[in-house]
Amino acid sequence: MVDYWRQGSVAVIAVNNPPVNALSYNVRVGLYNNLDKAANDRDVLAVVICGKGRTFPVGADIHEFGQIPKEPWITDVGRKIESLGKPVIAAIHGTGLGGGLEIALFCHYRIALPNARVGLPEVLIGLLPAGGGAQLLPRLAGIQVAMEMITTGRQLPASEAAKYNIIDKVVSGDIVKEGIEFALRVQNKPFQDKILRYRSPHGKDSLQPITEAVLRKIKMRSRGFYAPVWCVRSIANSVKLPFEEGLAQNRIMFQQMQLSGQAKALQYAFFAERSISKWKLPCGGNFATAVPRKIKTISVIGAGTMGTGITVALLSAGFPVLLVEQNKRFLMKGVQTVQSLLEGGVKRRKFTAEQAKMASSSLTTTVDLQALNSVDLVIEAVFETLSLKEDIFSKLDKICKPEAILCSNTSYLNIDKIAASTRRPDKVVGTHFFSPAHIMRLMENIYGCKTSPETVATVMDLGKRIGKVPVLVGTCPGFCANRMNRPQSEEALFLVEEGAQPEQIDQVLEDFGMPMGPFKVRDLAGGDIGWRSRKDAALHLGLTLSYDLQFFNGERYCSLADKLCELGRFGQKTGSGWYSYDKPGSKQLSIDEDVTKLIQNHRDSLGIKPRKITTQEIQERFLFSGINEGFKILEEGIAARPEDIDIIWLYGFGFPRHYGGPMFYASQIGLKRVYDRICHYHELFPYSSHWMPSKLLQKLSIQEVPIGQWAELHSKL
Ligand SMILES: CCCCCCCC/C=C\C/C=C/C(=O)SCCNC(=O)CCNC(=O)[C@H](O)C(C)(C)COP(=O)(O)OP(=O)(O)OC[C@H]1O[C@@H](n2cnc3c(N)ncnc32)[C@H](O)[C@@H]1OP(=O)(O)O
């Protein structure tokens, strides 16, 4: 796991633990012993530490967390380096992260390739840099830089790290060769002043104002996430305590954090995010065997909000896009939107003006579907009307080359029905982007019963190539994301009907950690789209939506959202919705007395006496209704694993990452408790079928199986 060789007077110690040279127990032992070997070899005058393969060590092995790590710890390896009596050079390529960077900070010198990155990302998995990082970095780069790097986990490119003295020299070529050359140059020079523990932290007199400013920032963005605050404390220890005492304090904090639910959730999320690319289809075919098709040209049909967002996502990843609309006027408007989104990307520093220009020059347009005869892949993003989509897909099937893949950006409709309108159902797949599609990273890919593994592999690969997080699910109304979200939105309305205020519900869920409460989300998305589809659904059943409707299609129904829409209150875009806004399009909101009255009148007309609704009830009815649906989604095989569902929620709805996602959250608070509360609400609200408890949840609540085994257990049930 650790290789050792000598080149003249230089000993090279190379960590060899693929894929990322994580500092597992055996690696730490190997480093420690090989440092001893170099120390004891009189012919060795300097040592280079590097990583074999793709990277310098990226930190501790996350699989080993949750128990007291076996010694030697990273700090023991660090002490060995400091006291070796010979200069030690860290030669960094790839990413030098966490414990990897900590070892480099114990070294006397650090060199790196230009495309290397360094960082202390422990905070992102709910921890602090207890292997010396929180003590050493302030002594090298100063308190300000250490605070920024450690509380955000940001990785710095080598050039930026060099500005802060974290890297002594940026070199190009072969990193080991460069390391040896550097070692030969410094081998006979004094290096005691390079041992960071003997320095005092830069900017220590400004500790208080820096801390206050950082804590203010953390408070704004952390929403109940503790690790950044602990990281601040760990850095303060570098000023307040002698080096070894600071290390000891930070170890104690690390141990407490390691056992916390937040660290477990973040580490679960880390691995969940990596597991989603390991998909498999129920009818055979999986990520390991399916080969994605090469996609060079893409067409997007529909230049509305979704179509233009998808176009920008594709263009900015370097794909040429042929944008299609039904007439020139819509097309022109779409092109303007694409241009302004690209300009917005430049303003937000997502890309340079030059890149935006390049992207823009890769956009072509047409109003003629025939022009799609040579594209490799089409993404349809028109209105959510099945007949319209069927019509487009049947035309595409005739126009596009036989091997072209046809994708629908539907958020709700049955992929099998859309596929059935073509003679190539194996090449039809759902690619559900989230709005705004050029920003939101989730891409919910939906297979139908005939979608081929090759088609799935192609859209999963496309998702990665455009910087999205692609998750594969099966088809059902609303798939995974919107199907789980639906009962939650309904419960939010029912809670208002029963006595809560929209702003109260929003506040409770924002305090829980959601980026926005459900009523703000409704206003942002625009109430008119849902209203139109509810009216269509009613029409389909020979009904009309009326003010006093309390049941719809046998289910409890709340007409408050319809009442707002009747008044033209569609949300932000009309300047009023559940809140009122400064002006149409503004985000500046205030509570609106008219809405409060409208809610009161609604309750009066239905004879509902408002009651006090507690925070607990709001949280439970919102979260548990979605979680119950999540278990049904697992039960039906729509999602293969709870990890898929959780990643959808982390990236599609901004579910707080330090809870891991709704399914992991349920596992942490206890499935028995979740199940019992769902049964309680089912008894209270028999006309909301979303409270019918999931059978899988019921079984798991009895067996208390860890989340990693749910899918396996389910397949045996
Ligand atoms: C009495 C109490 C005593 C307490 C004593 C305490 C002492 C504590 C001392 C030290 C603590 C040190 C802590 C740390 O170092 S925490 C870890 C910090 N590092 C990270 O968080 C890095 C995480 N990894 C990444 O960010 C990325 O993986 C990447 C940038 C390194 C590479 O990205 P990419 O090229 O996109 O590859 P993948 O992400 O797909 O990863 C490939 C593969 O590798 C696995 N993997 C990555 N990092 C780790 C890791 N740190 N541990 C284990 N495994 C890792 C990843 O899961 C992938 O695996 P695969 O899916 O099976 O292929």
Side-chain angles (χ1 to χ4, degrees), residues 1 15 17-28 31-32 51 53-79 92-106 115-137 149-150 152-157 227 230-231 234 244 246-260 263-264 266-279 287-288 460 464-465 467-470 641 643 647 657 708:
M1 283 195 152
V15 177
N17 185 21
V20 289
N21 288 324
L23 299 165
S24 320
Y25 168 67
N26 287 332
V27 172
R28 300 196 301 274
L31 278 168
Y32 195 89
R54 62 195 254 201
T55 184
F56 194 79
V58 304
D61 185 339
I62 303 174
H63 295 104
E64 287 182 0
F65 287 154
Q67 52 214 328
I68 296 180
K70 280 200 276 179
E71 292 173 51
W73 295 335
I74 285 166
T75 40
D76 298 321
V77 174
R79 285 190 200 96
I92 303 172
H93 78 297
T95 38
L97 303 177
L101 179 60
E102 290 176 316
I103 286 187
L105 292 172
F106 277 111
N115 57 0
R117 302 177 78 84
V118 293
L120 291 171
E122 285 84 343
V123 68
L124 303 176
I125 48 172
L127 300 172
L128 62 87
Q135 300 297 298
L136 296 165
L137 195 60
M149 278 180 71
I150 293 176
T152 63
R154 184 167 78 88
Q155 296 176 18
L156 271 49
W230 288 61
C231 284
S234 74
E244 281 296 333
L247 279 186
Q249 275 305 316
N250 289 353
R251 269 200 302 273
I252 293 170
M253 290 205 282
F254 178 93
Q255 185 63 356
Q256 285 172 9
M257 291 168 88
Q258 196 184 185
L259 301 174
S260 75
K264 285 183 192 152
L266 288 160
Q267 287 158 33
Y268 160 85
F270 175 83
F271 288 116
E273 195 164 338
R274 275 138 191 97
S275 74
I276 52 165
S277 56
K278 296 174 182 131
W279 54 269
F287 75 98
M460 294 299 278
K464 275 200 183 157
R465 287 169 65 188
K468 301 288 177 201
V469 178
R641 300 157 295 193
E643 286 87 345
I647 293 301
R657 199 175 170 94

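Each ligand, and each atom within it, is numbered from 1 in the order the structure gives.
Among Glu71, Glu102, Glu64, the single residue meeting the salt bridge (Lys or Arg N to Asp or Glu O under 4.0 Å) criterion with Arg28 is Glu64. For the ring-ring contact (aromatic ring centres under 6.0 Å, His included) test with His63, the passing option among Tyr25, Phe270, Phe271 is Phe271; the others fail.
Between the side chain of His93 and the backbone N or O of Gly53, at least one donor-acceptor pair lies under 3.5 Å.
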At less than 3.5 Å, what protein N or O atoms come close to the N or O atoms of ligand 1? Include the distances to 0.1 Å.
{"from": "ligand 1", "atom 1": "15 (O)", "to": "Ala60", "atom 2": "N", "distance (Å)": "2.7"}
{"from": "ligand 1", "atom 1": "15 (O)", "to": "Gly99", "atom 2": "N", "distance (Å)": "2.8"}
{"from": "ligand 1", "atom 1": "19 (N)", "to": "Val58", "atom 2": "O", "distance (Å)": "2.8"}
{"from": "ligand 1", "atom 1": "35 (O)", "to": "Arg54", "atom 2": "NH2", "distance (Å)": "2.4"}
{"from": "ligand 1", "atom 1": "37 (O)", "to": "Arg54", "atom 2": "NH2", "distance (Å)": "2.9"}
{"from": "ligand 1", "atom 1": "39 (O)", "to": "Arg274", "atom 2": "NE", "distance (Å)": "2.6"}
{"from": "ligand 1", "atom 1": "39 (O)", "to": "Arg274", "atom 2": "NH2", "distance (Å)": "3.1"}
{"from": "ligand 1", "atom 1": "51 (N)", "to": "Ala60", "atom 2": "O", "distance (Å)": "2.9"}
{"from": "ligand 1", "atom 1": "52 (N)", "to": "Ile62", "atom 2": "N", "distance (Å)": "2.9"}
{"from": "ligand 1", "atom 1": "61 (O)", "to": "Lys278", "atom 2": "NZ", "distance (Å)": "2.7"}

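Between Thr75 and Gln135, every side-chain heavy-atom pair lies at or beyond the 4.5 Å cut-off. Counting only heavy atoms from C-beta outward, the side chains of Ile103 and Pro57 never approach each other to under 4.5 Å.
Of all heavy-atom pairs between Ile68 and Gln255, the closest is CG1-NE2, 3.2 Å.
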